[in-house]
Amino acid sequence: MNIRTPFASIIRRRSQQRATHASPLRVRSFGIMIATALWATQASPLLAQCPGCQINFGCTVAPAYPTLCPLQPANATSGQPYSADITFWMPVNFDDPGTGFNVDFLQMTITGVTGLPFGLEIETNDPLGIYYPQQNQFGCARICGTPLGAGTFTVTISIIAQVEYSGFIINAPQQFPITLVVLPGSGGNSGFSFTPTNGCGSAEVQFTALIDGAPDPTTYAWDFGNGNTGSDALPPAQTYGSPGTYTVSLQTTIGGYVLDVVTLSGVNDNWCGDVEEPDIFGCTGSPDLYFVLTDGGGGTYTSSSGSDSGSETWTGLGLVLNNPPYSIAFYDEDPISQDDILGTLNIPIGTVGNLPFNIAGGTFGSIDISLQTQQLFNDTDTVVVYPVPEIVLAYDTAAAEICAGDTTLVSYTWYNNGDTVPMANGPCVNANAPGLWWSTGTNGFGCFGVSDTVVVCPSLAIYYDAGVLFVDDVFDAYAWTFDGVTLPNNDQPFAFSQGDGLYAITGTTAYGCVVTDTFTLSTLGIAAVEPTTPTLLVYPVPNDGNFMVQARGLTSSQVMLRVLDTSGKEVFAERCSLVAGSISVRVGLRGTTIGRYLVLVEDGTERHLTRAIVVTN
C-alpha cells in the first residue's frame, strides 16, 4: 500500500523564493509519507538486536510514490516472541499528486522514534538509519522481541526527508504515527491456565484447572493471591483491583478410595455338609473364611484365610479401588471339596466410612473405606497489573507551555478544544491557542491514561481607530462600559467612542474564561476635525474569515458593501443603511479559500473605498 499526501505548500514556497531570490527556507510541513513510517524504537536502531530483515522486492506501486509494505505489521501477543519484517520503497523521483511537479528523492534519515511497547525493539538494514534512494530504492527493518503488555500503541517516527525540486534542496522534518496492536496473552503451566495474564489498573482473570484424575476423585485448592480462595476446576473470574504482581497457586490432589478393613461377623450355613465340615446331627467344626475382591476389569485380590472360625477380620489392607465397579465374595476354604460361597457384596462407588452389610441369608459384617491422596501437584504463576498513567498537567503561563508531570510515557497525544494538535507527541506542548487543553498518554505496557484539563484564556486588548474602539473577536460574549456606565448595544467586539474617558470591556468564553481590559481615551488639545472624505476600518487583519467593516463620512443613501477575491469574483455583498453617515457590518467568509480579498464600499455612484484583507484559516 502506498501513501499519497501532497506537499504542494513546500513547492509553492520554494517557487516563491526562487522568484524573489529569497534565502532558502527550512520547511516544517512536508507532504511525502516516507516509507519508514513503521520504524519504531525507543533507542537508536544501532542498539537493537533484530538483524536479518528480508526485503520484499515486490513492494512497488504505479505511478511511483514512496511506499511501505505492509502499512501495519501483524499483531503481536503479550508474553510471546514476536518478529515482523517491513519493506519500504523510495523511488528516485515521482510526481507530487498535489502539484503535478516531479521531485527527486535524495536522502532519508531517521532522527528519532518513540512509542514502541516495552520488550520490543527494531533494527534497520542500514546501521545508521540513512538511505540514499538514488543509489538503492529499497530498505527494510525488523521488529522483534517479546512485548510485556497488551494494548494499542501509537508509534511516532521522526525523519528528515531530503528532496529536490527545480534546483532547490528541501530538508523536511516530519513525524509519522503508526499503530501496533499487542493482543492479550494466555498464561499457564501444567496445572492451570489463565487469561489475560496482565491488565492496566485492574484485571479480571479467568482460571481453568488442567489436571483431572477421573474416575479418581480430584480436588483443587486455589489461592488467587488477591485474598480469595477456591475449590472448583473452573472457578469464578477473579478481580485484581490495583497495580501489582499477584502470585497464584493451585494444589491439585488426585485421591483414591482405599479398602482398609473387612470384618465378617457371621456367615450363613452354606459351609456346612461337606467332607471338611460334615453335617452329623448338626454342623461339625467351623468354616475357614477368606474373601476375593474383583475389580471392573476382572482383576482379583484374594485375602488370607482364617481357621475354623465363624467370624474373621482383615485389617491394614490398603487396597486402592481405582478400577470400579468392585465386588467382594466371601468363601469357606475346603482343602478337599470345592470352596463354599457364602455371599457376594457389590461395593458402592464413591462411598467412604464404615459400611455394614447383610447378604445371602445370614452373612453379615462391615467394610471400612477411606479416601487417601494418591498424587499431589503444586503449581504457581503470576498475574501482573500495570499502573494506568496519571497525567497531571502543569501550565507555564510565561512560556505558554503545558507539560505532563509524567515524562516517562512512550507516547502522548495533545488536544485543543477536542482537536488533535499536529506534531505534538512529547510530554510538553506549546499552548499557542486559547481553549481547553488536555492530553492522553500510553506507557510501555500499553496502559492508556487521560490527563486533567487546562483552560487557556485568550488575551484581550482594546485598540482605537477613527472613533472606534475594538478588540479581536475571540470571545463568545462582550460587555462595554464607559466611565463605569454600561454602554448601549455593548455586546459586540467594538464600541463607538463616547468621548474622552475610561473604556472597559469584559470578554467571556463558553469554557469559563472572563477577561477584562481597559483603555483611557484622551484627545485633549486636539481639535476635532470632521473628515472631508469617507474613512474605512476593517478589523481584525488578518482574520479567519469573520471580520468587521466600519465606514464613516458617507453621504449617499445607497451604500453597497462588496468583498472580492483577487480574480474580481464577488464573494460577499450587502446593501447597507446609513446611521449618522456610518455603517457597521459583520462579514462572514467561512468556507472560502485562504488568501487575500478586497473590501469595496460603493457610496452612490462612487467606488472610492478599498482595503485589502487576508483570510488565514
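Below, each value reflects all heavy atoms present in this structure, side chains not excepted, and no hydrogens, waters or symmetry copies.
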For Phe138 and Thr87, what are the C-alpha separation, side-chain angles and deciding distance, and is it a side-chain contact (heavy atoms from CB on, under 4.5 Å)? CA-CA 7 Å; Phe138 288 93; Thr87 295; 4.2 Å; yes

Can Leu264 and Phe291 be said to form a side-chain contact (heavy atoms from CB on, under 4.5 Å), step by step?
CA-CA 10 Å; Leu264 195 56; Phe291 69 85; over 6 Å; no

Check your understanding: Leu342 and Asn268: side-chain contact (heavy atoms from CB on, under 4.5 Å), yes or no, with the steps?
Key -> CA-CA 6 Å; Leu342 305 177; Asn268 57 29; 3.6 Å; yes

- Query: Hey, mind stepping through Val421 and Tyr415 against side-chain contact (heavy atoms from CB on, under 4.5 Å) and telling me if it holds?
  - Reply: CA-CA 5 Å; Val421 180; Tyr415 299 87; 5.6 Å; no

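Evaluation of the side chain to side chain donor-acceptor pair (under 3.5 Å) test over residues 213-234, restricted to residues two or more places apart or in two chains, returns Asn226-Gln238, Asn228-Gln238. Residue pairs meeting the side chain to side chain donor-acceptor pair (under 3.5 Å) criterion with at least one partner in residues 433-448, sequence neighbours excluded, are absent. For residues 196-213, the pairs satisfying side chain to side chain donor-acceptor pair (under 3.5 Å) are Ser78-Asn198, with sequence neighbours left out. Within the structure, side chain to side chain donor-acceptor pair (under 3.5 Å) pairs that include any residue of residues 245-255 comprise Ser242-Tyr246, Gln251-Asn378 (at least two apart or interchain).
The aromatic rings of Phe445 and Phe118 lie perpendicular to each other, with more than 60° between the two planes, well past the 30° mark.
Remark: side-chain polar atoms of Tyr65 are not paired, donor with acceptor, to backbone N or O of Ala62 under 3.5 angstrom. At distances below 3.5 Å, at least one donor-acceptor pair connects side-chain atoms of Trp414 with backbone N or O atoms of Gly426. With hydrogens and angles ignored, the 3.5 Å screen pairs no side-chain donor or acceptor of Ser370 with any backbone N or O of Gln372. With hydrogens and angles disregarded, no donor-acceptor distance shorter than 3.5 Å links the side chain of Asn56 to the backbone of Cys69. A donor-acceptor pair is defined here as one N or O able to donate and one able to accept, closer than 3.5 Å; no such pair exists between the side chain of Glu121 and the backbone of Gly119. Counting only distance, with no hydrogens or angles, the side chain of Asp339 and the backbone of Asp334 share a donor-acceptor pair below 3.5 Å. For Asn416 (side chain) and Asp419 (main-chain N/O), no donor-acceptor pair under 3.5 Å exists by modelled atom type.
Between the side chains of Thr408 and Asp406, at least one donor N or O sits under 3.5 Å from an acceptor N or O. For Asp379 and Ser190, the side-chain atoms include at least one donor-acceptor pair closer than 3.5 Å. No side-chain donor-acceptor contact under 3.5 Å links Asn270 and Asp340.
Residues that satisfy the salt bridge (charged side-chain N to carboxylate O under 4.0 Å, His left out) test with Asp295, not counting sequence neighbours, are absent from this structure. Residues forming a side chain to side chain contact (heavy atoms under 4.5 Å, CB included) with Asp308 (at least two apart in sequence, or on another chain): Ser286, Asp288. In this structure, the side chain to side chain contact (heavy atoms under 4.5 Å, CB included) partners of Pro387, at least two apart in sequence or on a different chain, are Pro243. For Ser311, the side chain to side chain contact (heavy atoms under 4.5 Å, CB included) partners are Ser309, not counting sequence neighbours. Applying the side chain to side chain contact (heavy atoms under 4.5 Å, CB included) test to Cys53 and every residue at least two apart in sequence or in another chain returns Asp85, Asn125, Cys140, Arg142. A search for side-chain hydrogen bond (donor to acceptor under 3.5 Å, both in side chains) contacts involving Thr109 returns Gln107, not counting sequence neighbours. For the side-chain hydrogen bond (donor to acceptor under 3.5 Å, both in side chains) test, no residue two or more places apart in sequence or in another chain qualifies with Thr420.
Looking at Phe207 and Phe224, their side chains come closer than 4.5 Å, going by heavy atoms from C-beta outward. Using a 4.5 Å heavy-atom threshold, the side chains of Tyr301 and Thr294 count as separate. Counting heavy atoms from C-beta outward, Tyr240 and Val248 have side chains that approach closer than 4.5 Å. In this structure the side chain of Tyr82 reaches within 4.5 angstrom of the side chain of Leu180, judged on heavy atoms. By the 4.5 Å heavy-atom criterion applied to side chains, Phe364 and Ile359 are not counted as neighbours. Two residues are said to be in side-chain contact when any heavy atoms from C-beta on lie closer than 4.5 Å; Val267 and Asp332 fail this criterion. For the pair Thr313/Thr315, a side-chain contact is recorded, criterion being any heavy-atom separation below 4.5 Å from C-beta on.
Remark: Cys403 SG to Tyr395 OH distance equals 11.5 Å, nearest 0.5 Å.
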With a cut-off of 3.5 Å and sequence neighbours excluded, list every side-chain donor-acceptor pair involving residues 316-331.
{"residue": "Tyr326", "atom": "OH", "partner": "Asn322", "partner atom": "N", "Å": "3.2"}
{"residue": "Tyr326", "atom": "OH", "partner": "Asn323", "partner atom": "N", "Å": "3.0"}

